[in-house]
Every structure is written in structure tokens, then in C-alpha cells.
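Quick note: numbers below take in every heavy atom, side chains included, and nothing from hydrogens, waters or symmetry partners.
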Amino acid sequence: MTAPRTGFRNPGGSAGAGILESRLTGLALEEFAHKVWSRTALLTTAASDFSDVFGADAVDELVSGRGLRTPFLRVAKDGAVLPESSYTSPAGVGATIADQLDDTALWRLFADGATLVLQALQRTWAPVGDLCAELSAELGHPVQANAYITPPLNRGFDDHYDVHDVFVVQIQGRKRWLVHEPVHRDPLRDQPWTDRREAVAEAARGPAYIDTVLEPGDVLYLPRGWLHAAEAQGEVSVHLTLGVHVWTRYALAERLAEAALDVLRDDPEARASLPLGDAAWTDAVDGIRERLTAAVAEADPAPLFHRARRGQARPAPLGPLAQLAAVDTLDAQSPVRLRAALEARWEGTRLTTRVGWLDFSESDRATVNGLLDGEVRTAGDIGLALAERLLRAGVLVPAGR
């Protein structure tokens, strides 16, 4: 017996709705945050038509026409990942690369029942990248995407859990999903399911929380730690997994501890050597505990936290030729805007971003601050010299790109 099927049919979302409501769950961000996020699995049937995002033609182009290398693809069969040497080969004349994807080898493996996993699609397929960027901006957590292409009646991976939240988006074909409640809730990134292999296997033998067949357009949300396994039905299945690499309170605690240790570096007493003798450290514990507690209260983890966030993703793409043309033709009427996904943040008069940092005068800071809403401005509004500086730094881009 299985638990009742959960979820609902997406009515299409309201006008001006975010991507979470309009394409993935039918729920406004606030409702999703309070009822679903990190708490429970959610199935949304007929969430959206995703043919504009990904499909079989995209798979064929990526595998055979883009010159991809590992780790942009991996291959799994019977629950195991196959060695890269079984599906890569030299690139041929003019490209001294020995490990590009071999489309003939991949075809043979796929025909023999192997699942193809296209990884980090946000870097290789623009529509998927746009979807990830929009979802990441809405959730406030980094998002990446993999595609799973499974032959009929085959299963790529055994029951397992992920250490990140996922939105499973069925693109083509049908796939049966069995979902079980966690054996270890909210696992951290260094707590993979293989650490609890026996508990996972035992839980997977029990009644499923969700037992359903995803149709094209259906979306399944799974918080990290929820067990799942999937099997294609009578045709090829293509689905996207949007992985949300959530920031946790533990991660914030790590940054706070790091900031507190930075404070202690300037404390002469903390830097002092321990007295001689094997038991000397025991006498120092109470004192250093007191100083560490005070340092935690004093420390500001925000700069370290934002630095870590900046390192988790890349800014929106920038075309060198288009950027040069924007600089060369810059005039007062040129429309420009802040480059998306820069993770820009002020630290005094310094603007830190994913492409580096820039210092500004107080007068320029007010102008630059006005650009951070991402709205289109003209170079004349900003000032031609400042606009050119920001274009050359890759902070501004020509509007429409």
C-alpha cells in the first residue's frame, strides 16, 4: 500500500507570478516557503509546458555537436556509474583533447540500457541557464541543472537521497517515481546517502510516501534527504533535475566561527603559547572558551558569508565582442544595465561582485547604488566616464543582453 498521492494541478499562476508559481508549483513564494520548503515532498501535475527549455533535440545536439567533455556528462547503468573511458575518445585534427564525448560509444551504451546524465546544463544550454538563474534569484539559493535521459524500462540509480533540494521536471516520456521519507533529515553536503546505505535500503522496502508516474509537464519537489528512485516506462524518458544547493544554518555557523577566529588573531592572549606540561591545555580551556564566546558575539560573518555565496555561482554570460562594441559606440543615449547575478554588495565605498571589486568616490557611489536595482539606464544618466569604467569592468552590460 502507498501513501496518498500529494500535489495538485497547476492552474497557471497569477499575472506577474514568479517562476515558482507560474511554472513549477502553482504556489506563490510565500505559501511555498511556509507549507513546503524543506518540509515535505510536493507533486504538481501539468505544472507547465517545458518544451521551450529542453528536449530530445537538445540532448542530441549536446552529445554529438558541442564537443562536450566530462564532467559535463556521466553514464550510469544498473545503479553504477560507468568509467569515463567507456564513452570518451580523442577529438581529432586540430583539437588536442583526448576525452571528448564519443557519440557512437554513447549510442551503444544507451541502446544497451544506460542512462545519460548531462550535468551543469546551466552552463551549456542557455534556456536551462535562464530557468536556473530566475529560480535562484527567487529562492535566494544557488541552482544548477542536470538532465537524465533513460531508455525504456530502465533505471539509472538505486534508491538514494540527495544533499540538495531538487525540482524534478519531466520533459519527455513517462517515469515512475517512488519517494520515501528521510532516514536522515536535512543532510549536510558531507553526509551522503552512502553513509547510511543500509538504512536507505530498509526504508525503501517500506510503503512509499509518493508512488506516481510523472508525465511531461509534471514537477516533483523533494527536499534534501528524501529517498527516491525512478524507472522509465515504455518509452525514452527525459527529465531535468533542478538542484537547489541550499544555504544552511550550519553554513552560517561555519562563517561565524571563521569570523570569530579572525577576531582572536588580534587577541595577544589567544595567540600566547600554552604553559609547559602535558596538562597545561586543561587550565587554558575555560579562558579561551570565554574569549571565543566574546569573539563570536563581536564577529561579523556577513562578509565571509557573502564571499562564499559569490563563489557558488557565476554571473550572467558576457559576450566579449558585444561588450567591446558597447564601449566603442558609447554615447549619452546608450542603454545599459547591471549585469545579472553579480551578487553585488557594498563594503564601505568598495563594491564587491562575482567579477572582482571596485572602489568609488562618495559621489560616484550614490550613482552606482542606483544601478543595483537592475533597471535600464542611459549612459548619460550615469555619466559617460563612469559608464565606460563599469562596462570595461564587466559590471554593466548593454541593455537587452
Pair V219-V168, side-chain contact (heavy atoms from CB on, under 4.5 Å): steps then yes or no: CA-CA 5 Å; V219 175; V168 177; over 6 Å; no
Side chain to side chain donor-acceptor pair (under 3.5 Å), that's the test. Do T88 and D99 meet it? Break it down for me. CA-CA 5 Å; T88 58; D99 62 346; over 6 Å; no
Run the numbers on V169 and L131 for side-chain contact (heavy atoms from CB on, under 4.5 Å), then give the verdict. CA-CA 12 Å; V169 178; L131 181 72; 5.6 Å; no
Check step by step if side chain to side chain donor-acceptor pair (under 3.5 Å) holds for Q170 and S237. CA-CA 8 Å; Q170 190 68 25; S237 168; 3.0 Å; yes
Given side chain to side chain donor-acceptor pair (under 3.5 Å), test T40 with Y209 step by step and report yes or no. CA-CA 10 Å; T40 187; Y209 183 82; 3.1 Å; yes
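With D218 contributing its side chain and A46 its backbone, the two residues share a donor-acceptor pair below 3.5 Å. Between the side chain of K77 and the backbone N or O of D112, at least one donor-acceptor pair lies under 3.5 Å. Looking at S48, its side chain never comes within 3.5 Å of a backbone N or O of F50 through a donor-acceptor pair. Listed for the R66 side chain is a donor-acceptor partner under 3.5 Å among the backbone atoms of T124. The backbone N or O of I19 sits less than 3.5 Å from a side-chain atom of E138, completing a donor-acceptor pair. Put simply, the side chain of N154 gets close to the backbone of P152: a donor and an acceptor are under 3.5 Å apart. The backbone N or O of F72 sits nowhere less than 3.5 Å from a side-chain atom of T70 that would complete a donor-acceptor pair. No side-chain donor-acceptor contact under 3.5 Å links S136 to the backbone of C132. Of the possible donor and acceptor atoms, none in the side chain of Q323 sits under 3.5 Å from a partner among the backbone N and O of G394. In this structure, R339 contributes its side chain and A316 its backbone to a donor-acceptor pair below 3.5 Å.
Comment: R176 does not engage E231 in a salt bridge, judged by the lack of any side-chain N to carboxylate O separation of less than 4.0 angstrom. Of the charged side-chain nitrogens involved, none lies within less than 4.0 Å of a carboxylate oxygen, so that D364 and R389 do not count as a salt-bridged pair. Comment: R224 does not engage D162 in a salt bridge, judged by the lack of any side-chain N to carboxylate O separation of less than 4.0 angstrom.
Around the CZ atom of R108, the shell of radius 6.0 Å holds no more than 12 heavy atoms that belong to other residues, nucleotides or ligands. In W107, the CH2 atom is not crowded: 12 or fewer heavy atoms of neighbouring residues, nucleotides or ligands sit closer than 6.0 Å. Residue-environment remark: CZ (R189) exceeds the threshold of 12 foreign heavy atoms within 6.0 Å. Around atom CZ of R123, no more than 12 heavy atoms belonging to other residues, nucleotides or ligands sit under 6.0 Å away. No more than 12 heavy atoms of other residues, nucleotides or ligands shown are found within 6.0 angstrom of CD on E202. No more than 12 heavy atoms of other residues, nucleotides or ligands shown are found within 6.0 angstrom of CG on D57. Within 6.0 Å of CZ on R345 lie more than 12 heavy atoms contributed by other residues, nucleotides or ligands.
Residue L318 comes nearest to P320 through the heavy atom pair O-CD, 3.4 Å, listed as atom of the first residue, atom of the second, then distance. Contact record, L240 with A147: CD2-CB, 3.9 Å, taken as the closest heavy-atom pair. Of all the heavy atoms in A145 and V128, the pair that sits closest is CB-CG1, 3.4 Å. A pairwise comparison of heavy atoms in F110 and T150 identifies CE1-C, 4.0 Å as the closest pair. Heavy atoms only, all atoms of each residue included: V355 and A393 are closest at CG2-O, 3.9 Å. Minimum interatomic distance between A379 and A387 (heavy atoms only, all atoms of both residues): CB-CB, 3.9 Å.
The stretch residues 236-256 participates, sequence neighbours left out, in no salt bridge (Lys or Arg N to Asp or Glu O under 4.0 Å) pair at all. Pairs passing the ring pair (Phe, Tyr, Trp, His ring centres under 6.0 Å) check and including a residue from residues 280-303, sequence neighbours excluded, do not occur.
The aromatic rings of H184 and Y161 sit tilted relative to each other, their planes meeting at an angle between 30° and 60°. By the 30° and 60° cut-offs, the orientation of the rings of H245 relative to H164 is parallel.
For the residue pair Q144 / N146, a side-chain donor-acceptor distance below 3.5 Å is found, with atom types taken as modelled.
Here H160 and H228 bring their ring centres to under 6.0 angstrom of each other. The six-membered or imidazole ring of H239 lies near that of W177, with a centre-to-centre distance under 6.0 Å.
Remark: D266 pairs with no residue by the salt bridge (charged side-chain N to carboxylate O under 4.0 Å, His left out) rule, at least two apart or across chains.
By the 6.0 Å and 45° rule, R39 does not stack over the aromatic ring of W37.
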